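Quick note: residue numbers are just sequence positions, from 1. Everything numeric here is computed off the predicted structure, so don't read it as measured data.
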Amino acid sequence: MNPIPVLQQIAVLFLLMAAGYVANRCGVMDPASERHLSRLIVNVTCPALILDCLAGSAPARAEAGLGGIFATAAVYFLLLPPLAKALTRLLCVPKDHRTGVECMLIYSNLGFMGIPVLRAMLGADAILYLTVFMAVFNISIFSYGILLLQKDAPGG
């Protein structure tokens, strides 16, 4: 594997984050525009990127491994919560920060960051596998992740 495309993609993502930071610091972005931009990325650009990658993939060849990816993701998201809980205790994370740290340990930014990096590393065909993994990720984050974060919410 050639590391140059991966490094280039990471550099592009870093520059985009830096541009966002500068825009925020200079007052170009306000909380309302941040929400709109986040919704655009999550609801339009990430799905469009996935569809673009899948349009050129060979799904017949890939179908054989989808069940294994689903099972692997399910095991991953079943094992990670107890490991994160143990790690926060081992690292003596203060009790009022534990659930947030657990959530950060379990859930990565595999959509916005993961799709372009995986595409640079393994090509567009690998995105099909990532979408299966992301389906399990979404089930987990919108069930256990929400439960976890509600513990820290006022009255939770």
query: Considering all heavy atoms of both residues, which atom of Pro5 and which atom of Ala120 are nearest to each other, and what is their separation?
result: O-CB, 3.7 Å

query: Roughly how far, to the nearest 0.5 Å, is the CD1 atom of Ile69 from the CZ atom of Phe133?
result: 8.5 Å

- request: Measure across Pro47 and Ile41 and return the closest heavy-atom pair with its distance rounded to 0.1 Å.
  value: CD-O, 4.2 Å

message: Using 0.5 Å steps for rounding, measure from the OG1 atom of Thr88 to the NZ atom of Lys95.
response: 11.0 Å

- prompt: Which heavy-atom pair separates Arg98 from Val93 by the least distance, and what is that distance?
  reply: NE-O, 3.0 Å

- request: Treating Ile, Leu, Val, Met, Phe, Trp and Tyr as nodes and any side-chain heavy-atom pair under 4.5 angstrom as an edge, say whether Met17 and Val6 lie in one connected cluster.
  value: yes

- prompt: So, for Gln9 and Val117, which heavy atoms are closest and what is the spacing to 0.1 Å?
  reply: CG-N, 4.0 Å

- prompt: How many angstroms lie between atom CG of Leu15 and atom CD1 of Ile10, to the nearest 0.5 angstrom?
  reply: 12.0 Å

task: For Ser33 and Met29, indicate whether the former's side chain and the latter's backbone hold a donor-acceptor pair under 3.5 Å.
output: no

- request: Taking all non-hydrogen atoms of both residues into account, name the closest pair between Leu80 and Leu105 and its distance.
  value: CD2-O, 4.0 Å

query: Does some side-chain heavy atom of Gln8 sit less than 4.5 Å from a side-chain heavy atom of Ile4?
result: yes

query: Side chains of Tyr107 and Ser140: do they bring a donor and an acceptor to under 3.5 Å?
result: yes

message: With rounding to the nearest 0.5 angstrom, report the CZ to CD distance, Arg89 to Glu102.
response: 7.0 Å

message: Applying a strict under-4.5 Å side-chain criterion to I, L, V, M, F, W and Y, I'd like to know whether Leu122 and Phe137 cluster together.
response: yes

- prompt: Side-chain heavy atoms under 4.5 angstrom apart, residues restricted to Ile, Leu, Val, Met, Phe, Trp, Tyr: same cluster for Leu91 and Met104?
  reply: yes

query: Are Met113 and Ile115 in one and the same hydrophobic cluster, where Ile, Leu, Val, Met, Phe, Trp and Tyr link if side-chain heavy atoms are under 4.5 Å apart?
result: yes

- prompt: How many angstroms lie between atom CG of Leu66 and atom CG of Leu128, to the nearest 0.5 angstrom?
  reply: 5.0 Å

query: Should the heavy atoms of other residues, nucleotides or ligands under 6.0 Å from OH of Tyr144 be counted, would the total exceed 12?
result: yes

query: Ignoring hydrogens and geometry, is there a side-chain-to-backbone donor-acceptor pair from Asn24 to Gly20 under 3.5 Å?
result: no

- prompt: Under a single-linkage definition using a 4.5 Å side-chain heavy-atom cutoff for Ile, Leu, Val, Met, Phe, Trp and Tyr, are Leu90 and Val101 assigned to the same hydrophobic cluster?
  reply: yes

- prompt: Between Ala126 and Leu118, which heavy-atom pair has the shortest distance, and what is it?
  reply: O-CD2, 3.7 Å

message: So, taking the atom named OG1 in Thr99 and the one named NZ in Lys85, what distance separates them when rounded to the nearest 0.5 Å?
response: 8.5 Å

